[in-house]
Amino acid sequence: MSADVRAALADYLEFERHLDYAEETIALFLIAKGTPARKIDGRLYPRSINRILEQIGKWYDAELKDPERHISPLRPHDLRHTFANELAKHPDVTEQDLERLLRHRNKRYLTVYTRPPEATSAGFKEKL
């Protein structure tokens, strides 16, 4: 995910998430407190999250003139790849930590999730 996407999520976590349904849940996206919850812990259904993130990406892109900074289509699964990639960069994180946090035991999947995006890899080549 781009720095812009990470900044938008950080803003949500700092300024808005506490207004949502259940502060104590570990879920990232929650139903607003005023909305009747369909799940006990306040979690949104996956399709709801997909629609919300798609719309956020469209609104964000509409405000930017530079197409290089567009984030659409924004998908929840992108968060998983970013999380895994950032986690794998830390020297104290072991392969067992990655397996536990990503819930994958297959090394092939760990490689897929921890591989940097193509744009990042291209940047490494340019620096060399």
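The first residue in the sequence is number 1, and the count goes up from there.
- In terms of modelled atom types and a separation under 3.5 Å, the side chain of Asn50 and the main chain of Arg75 share no donor-acceptor contact.
- Surrounding CZ of Arg47 are more than 12 heavy atoms belonging to other residues, nucleotides or ligands, all under 6.0 Å away.
- More than 12 non-hydrogen atoms from other residues, nucleotides or ligands lie less than 6.0 angstrom from CD of Gln96.
- Annotation: the span from Glu63 atom CD to His70 atom NE2 amounts to 10.5 Å, rounded to 0.5 Å.
- Once rounded to the nearest 0.5 Å, the distance linking CG of Asp97 with CG of Leu87 reads 7.0 Å.
- Salt-bridge check for Glu54 with Arg51: failed, with every basic side-chain N at 4.0 Å or more from each acidic carboxylate O.
- When all heavy atoms of His90 and Glu86 are compared, the closest pair comes out as CD2-O, 3.2 Å.
- Screening Asp66, Ile56, Ile71 for a side chain to side chain contact (heavy atoms under 4.5 Å, CB included) with Asp61, the sole residue that qualifies is Ile71.
- Side-chain contact check for Phe83 versus Leu101: some heavy-atom pair is nearer than 4.5 Å.
- Side-chain contact between Ile52 and Leu44 is present, with at least one heavy-atom pair separated by less than 4.5 Å.
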